[in-house]
Asker: 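Dumping the structure here so I can ask a few things about it.
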Amino acid sequence: MAATLCVKLLPKQGCLPLTQSVRHGSKAVTRHRKPMHFLKQKLMAVTEYIPPTPPAPPGAYPAPTTVVEESAFVRLLKRNLEKVFQDYKMVAVAQNNGCNANDMLVLKNRLHKHDIHVKFFSNKVMCSFLNETVYSNMAPLFIGPTVLFVSKEPKAKEMLATLRVSPQMILLGACIDDTLLTAQGVARYSKLPSVSVARGELVGSLNLLTSNTASLLQRHPAHLTALLQRYGTRQDAEEAT
């Protein structure tokens, strides 16, 4: 035990006596930490709190892709679309801006006179079908309510004339003879002559050439000789220069 020494100072006049305590000796360590029992160590290790792993921030990992099997109805619509692109040479896409049932019925009758039919397909099925075919560039046309105008012959002129009467229908583009055209391209295509007229013009130009050759050969041989000599002199002059 440490001893305590108390020293009393003599009181002075007008001052109270003071007492000072002084402690001598070193601190004695009386308690040591005992080692933990191994069973308690195991219990503490088993019951130790393990914080959960913080979740990854959004966008750190790609979203899981879920494969959705197509229904039988969607497969049927895709087969119908495939048949449409195989059987019809002109497939035009128009945007429907509030066309009611009566106006649509009148438009169908006017187009039917030119053997042009109207078909409706959902944009989801249409884009899914186009992405698997060579007509994938037509997918951006199918935004909002759309309508298909199809015909077995490219009748762009008749279709444009009918759509002028129906302002609710806006032509977006068309696929004519496996060629994708814009609305301006369809307008320029409608101004081209038909195949029969083009063939007639080609045959007429060929007949004109043959008739000119025959008439030239039937002229006097001296005239033909003069023409050949003039052509020869011109060629010689060009080679000399």
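In what follows, residues are counted from 1 in the order of the sequence shown. Side-chain atoms are counted along with the backbone in the values below, which use heavy atoms only and exclude waters and symmetry mates.
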Asker: How are the rings of Tyr88 and His117 set relative to one another: parallel (under 30°), tilted (30 to 60°) or perpendicular (over 60°)?
Answerer: perpendicular
Asker: Kindly work out whether a path of hydrophobic side-chain contacts (I/L/V/M/F/W/Y, heavy atoms less than 4.5 Å apart) joins Met126 to Phe73.
Answerer: yes
Asker: What's the spacing between Leu77 CG and Ser122 OG if we round to 0.5 Å?
Answerer: 6.5 Å
Asker: To the nearest 0.5 Å, what is the distance between SG (Cys175) and CG (Asn137)?
Answerer: 10.0 Å
Asker: For His114 and Lys155, work out which heavy atoms get closest and say how close.
Answerer: O-NZ, 2.9 Å
Asker: Could you check if a side-chain atom of Met159 sits within less than 4.5 angstrom of a side-chain atom of Val186, using non-hydrogen atoms only?
Answerer: yes
Asker: So, do Arg79 and Arg75 sit near enough that their side-chain heavy atoms are less than 4.5 Å apart?
Answerer: yes
Asker: Kindly indicate whether the side chain of Ser166, heavy atoms from C-beta on, has any atom under 4.5 Å from the side chain of Asp103.
Answerer: no
Asker: Shortest non-hydrogen contact from Cys127 to Ala139?
Answerer: SG-O, 4.0 Å
Asker: Looking at every heavy atom in both Leu171 and Ala183, which two are closest together, and how far apart are they?
Answerer: O-CB, 3.6 Å
Asker: Hey, quick one: are Met90 and Val93 part of the same hydrophobic cluster, counting side-chain heavy atoms closer than 4.5 Å, chains of contacts allowed?
Answerer: no
Asker: Rounded to the nearest 0.5 Å, what's the gap from CG on Leu163 to CG on Leu107? Could you check?
Answerer: 6.5 Å
Asker: Kindly determine whether Ser190 and Leu160 satisfy side-chain contact (heavy atoms from CB on, under 4.5 Å), including the steps that lead there.
Answerer: CA-CA 8 Å; Ser190 63; Leu160 292 176; 3.6 Å; yes
Asker: For the NZ atom on Lys157, are there more than 12 heavy atoms of other groups (residues, nucleotides or ligands in this structure) within a distance under 6.0 Å?
Answerer: no
Asker: Distance-only, no hydrogens or angles: does the Gln95 side chain make a donor-acceptor pair with backbone N or O of Met169 under 3.5 Å?
Answerer: no
Asker: Run Glu70 and Lys78 through side-chain contact (heavy atoms from CB on, under 4.5 Å) and show every step you take.
Answerer: CA-CA 11 Å; Glu70 295 179 348; Lys78 285 188 175 182; 2.5 Å; yes
Asker: Please tell me whether Thr146 and Asn123 have a donor and an acceptor in their side chains that are separated by less than 3.5 angstrom.
Answerer: yes
Asker: Any side-chain heavy-atom pair from Val125 and Leu81 closer than 4.5 angstrom?
Answerer: yes
Asker: So do His112 and Ile116 actually touch side chain to side chain, heavy atoms under 4.5 Å?
Answerer: no
Asker: What is the distance from atom CG of Leu172 to atom CE of Met138, rounded to the nearest 0.5 Å?
Answerer: 9.5 Å
Asker: Would you say Gln184 and Tyr189 make side-chain contact, with heavy atoms under 4.5 Å?
Answerer: no
Asker: Check the hydrophobic clustering (I, L, V, M, F, W, Y; side-chain heavy atoms under 4.5 Å; chains of links allowed) and say if Phe129 and Val134 are grouped together.
Answerer: yes
Asker: What verdict does the side-chain contact (heavy atoms from CB on, under 4.5 Å) test give for Val118 and Leu148, after you've listed the backbone C-alpha separation in whole Å, the side-chain angles of each residue and the deciding distance to 0.1 Å?
Answerer: CA-CA 6 Å; Val118 181; Leu148 291 183; over 6 Å; no
Asker: Mind checking whether Asn102 and Val106 have side chains closer than 4.5 Å, heavy atoms only?
Answerer: no
Asker: Which distance, rounded to the nearest 0.5 Å, do you find between the CD of Glu48 and the CE of Met44?
Answerer: 8.0 Å
Asker: Would you say Ser128's side chain and Lys124's backbone share a donor-acceptor pair under 3.5 angstrom?
Answerer: no
Asker: With a 4.5 Å cut-off on side-chain heavy-atom distances among I, L, V, M, F, W and Y, is there a chain of contacts connecting Phe120 to Ile143?
Answerer: no
Asker: How long is the span from the CG atom in Leu180 to the CG atom in Leu141, to the nearest 0.5 Å?
Answerer: 6.5 Å
Asker: In this structure, would Val91 and Tyr135 fall into the same cluster of hydrophobic residues linked by side-chain contacts under 4.5 Å?
Answerer: yes
Asker: Okay, side chain of Thr233, backbone of Arg230: is any donor-acceptor separation there less than 3.5 Å?
Answerer: yes
Asker: For side-chain contact (heavy atoms from CB on, under 4.5 Å), just list the numbers for Gln229 and Tyr231, CA-CA rounded to whole Å, side-chain angles, deciding distance to a tenth of an Å, and then say yes or no.
Answerer: CA-CA 5 Å; Gln229 288 178 356; Tyr231 177 76; over 6 Å; no
Asker: Between Lys113 and Glu158, does any side-chain N to carboxylate O distance fall below 4.0 Å?
Answerer: no
Asker: With side chains defined as the heavy atoms from C-beta onward, is the minimum distance between Thr133 and Phe85 less than 4.5 Å?
Answerer: no
Asker: Grab the two heavy atoms, one from Gln168 and one from Cys99, that are nearest each other, plus how far apart they are.
Answerer: CB-CB, 3.9 Å
Asker: Give a yes or no answer on whether the side chain of His37 reaches the backbone of Leu39 with a donor-acceptor pair at less than 3.5 Å.
Answerer: yes
Asker: Can you confirm whether more than 12 heavy atoms, excluding those of Tyr61, are under 6.0 Å from its OH atom?
Answerer: no
